Amino acid sequence: MPELPEVEVVRAGLAPAVAGARVVAVSVVDARSLKRHVPEGADPGTGGHGVTLSPEAGAVRSADFERRLTGALLGAPARRGKFLWIPITGADGAAPRESLLAHLGMSGQLLLRAHEASDDRFVRIRLWIEHPEHGELRLDFADQRRFGSLALDALQLDGESPVPSQAAHIARDPLDPAFDDRGFVTALRSRRTAVKRALLDQTLISGVGNIYADEALWRARLHPETPGERIGPGRARDLLAALRAVFAQALAEGGTSFDEQYVNVNGQAGYFAHSLNAYGRGGEPCPRCGAPTRRIVLGGRSSHFCPRCQRRRKFSR
DNA sequence: AGCTACACCTGATAGC
DNA sequence: TGCTATCAGGTGTAGC
């Protein structure tokens, strides 16, 4: 569910409460939400994705996570694409070498609550933190479908930027000042694959998911199945601009919420669902030209587009 | 290299 | 009412 704007709303919401806070206690309610956590001394190849965690392995992971995180001093949260992390700062003021990494998957939430607040549904991991100005808070990771996870992960350098090792394989996102526009245009135009597939490839450009891919393609008037190599440089740059515009608007409207699955750190929904032009509108008239919007399946996922505004074409600019 | 299929989960909804 | 099938904002791996 959450794509770049939603994760960024969460990051910004966490920032004032966690930067400078100390972790007082940690409770792992369900070790399956630690699927990205590699315990110290463990073989990193074991217990990866799509593998059911044994109760013993889950207990080891939970204990390791709780032990290492308790007492940690938290820094300012950062984000790349849909990965979010909080650096763990050393007492000596040296550059952080470790981070608390979060991926929200389809239904993950990070919720800031008062210490004594009642439980939210689907809380999988709970942190009690103490901030010098804001006092005691609870930071709860809730996740209905458990595709998301928390982990402790080492920070490594990508140029000037520290990035958790598990997020090192993805490309920078288009809101990153160091995003390489020309590199993206070249890479997109060298691909034979459908542009929608390319947008969802996090190693080409990160942060884009199914909603914002459809919205950006609608804005750029590109058919989702257009091969990358048939897109001219001008239109590729238009697509990048469309992505940034749709991200900026979604961010300003607090992200896209269809239900309770995406909320900010205070449990509130965003408004961008009202501004969607293509996603989820199969059969409804295109807001631009009035033609009925179509829904097709591409790479196993729904794609929504206007067959009149977004024609397949031989080549464009 | 590029693609499909599938695995990991839970819940809502539609159709019978 | 209850069953089954399908769908959902993501990602990582196996296998062709």
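Please read all numbers here as calculations on a predicted model, not as lab measurements. Chain identifiers are assigned alphabetically (A, B, ...) following the order of the sequence lines, protein sequences preceding nucleic acid strands; residue numbering begins at 1 within each chain.
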Closest approach to the side chain of [X], judged atom by atom: which nucleotide of [options] is it?
X: A/K35; options: C/dG10, B/dT4, C/dG9; result: C/dG10
X: A/Q202; options: C/dC7, C/dG10, C/dT11; result: C/dT11
X: A/T193; options: C/dG9, B/dG11, B/dC3; result: B/dC3
X: A/K82; options: B/dC3, C/dT11, B/dG11; result: C/dT11
X: A/S302; options: B/dT10, B/dT4, C/dA8; result: C/dA8
X: A/H103; options: B/dC9, B/dG11, C/dT11; result: C/dT11
X: A/R295; options: B/dC3, C/dG10, C/dA8; result: C/dA8
X: A/R301; options: B/dC3, C/dG9, B/dT10; result: C/dG9

Separation of [N] [atom2] from [X] [atom1] (nearest whole Å):
X: A/R145; N: B/dA7; atom1: CZ; atom2: P; answer: 15 Å
X: A/L298; N: B/dG2; atom1: CG; atom2: P; answer: 16 Å
X: A/L101; N: C/dG12; atom1: CG; atom2: P; answer: 10 Å
X: A/E225; N: B/dG2; atom1: CD; atom2: P; answer: 18 Å
X: A/M106; N: C/dT11; atom1: CE; atom2: C1'; answer: 10 Å
X: A/D153; N: C/dT11; atom1: CG; atom2: C1'; answer: 15 Å
X: A/D143; N: B/dC9; atom1: CG; atom2: P; answer: 11 Å
X: A/Q166; N: C/dT11; atom1: CD; atom2: P; answer: 13 Å

- prompt: Between A/R79 and A/W85, is NZ or CZ placed under 6.0 angstrom from the six-membered ring centre and within 45° of the ring axis?
  reply: no
- prompt: Got a sec: does the CZ of A/R97 have more than 12 other heavy atoms crowding it under 6.0 Å?
  reply: no
- request: Side-chain contact test, heavy atoms from C-beta onward, threshold under 4.5 Å: evaluate it for A/C309 versus A/C286 and give yes or no.
  value: yes
field: Side-chain touch A/W128/A/E136, heavy atoms, less than 4.5 angstrom
entry: no
task: Determine the Euclidean distance between corresponding P atoms of B/dA1 and C/dG10; express it in Å to zero decimal places.
output: 25 Å
query: Say you pick atom P in C/dC3 and the same atom in B/dC9; how far apart are they, in whole Å?
result: 24 Å
query: If you measure from CG on A/L84 to CD on A/E8, what distance do you get to the nearest 0.5 Å?
result: 9.0 Å
- request: Report yes or no: is the ring centroid of A/F147 under 5.5 Å from the six-membered base ring centroid of C/dT11, with the two planes under 30 degrees?
  value: no
message: Counting the atoms with a prime plus P, OP1 and OP2 as sugar-phosphate, which does A/Y279 contact under 4.0 Å by heavy atoms, base, sugar-phosphate, or nothing?
response: sugar-phosphate
message: What's A/R32 touching, base or sugar-phosphate or nothing? Going by heavy atoms closer than 4.0 Å.
response: sugar-phosphate
message: Please verify the inter-ring angle class for A/Y279 with A/F258; under 30° counts as parallel, over 60° as perpendicular, anything in between as tilted.
response: parallel
message: If the cut-off is 4.0 Å, is A/R121 near the phosphate of B/dT10, judged by side-chain N/O to OP1 or OP2?
response: no
- prompt: Hey, does the side chain of A/R138 reach the backbone of A/H115 with a donor-acceptor pair shorter than 3.5 angstrom?
  reply: yes
- line: Per side chain to side chain contact (heavy atoms under 4.5 Å, CB included), A/C306 is matched among A/C289, A/P292, A/P285 by A/C289
Watson-Crick or G-U stems of DNA chain C, 3 or more pairs, under 3.5 Å, by first number: B:2-8 with C:10-16, B:10-16 with C:2-8
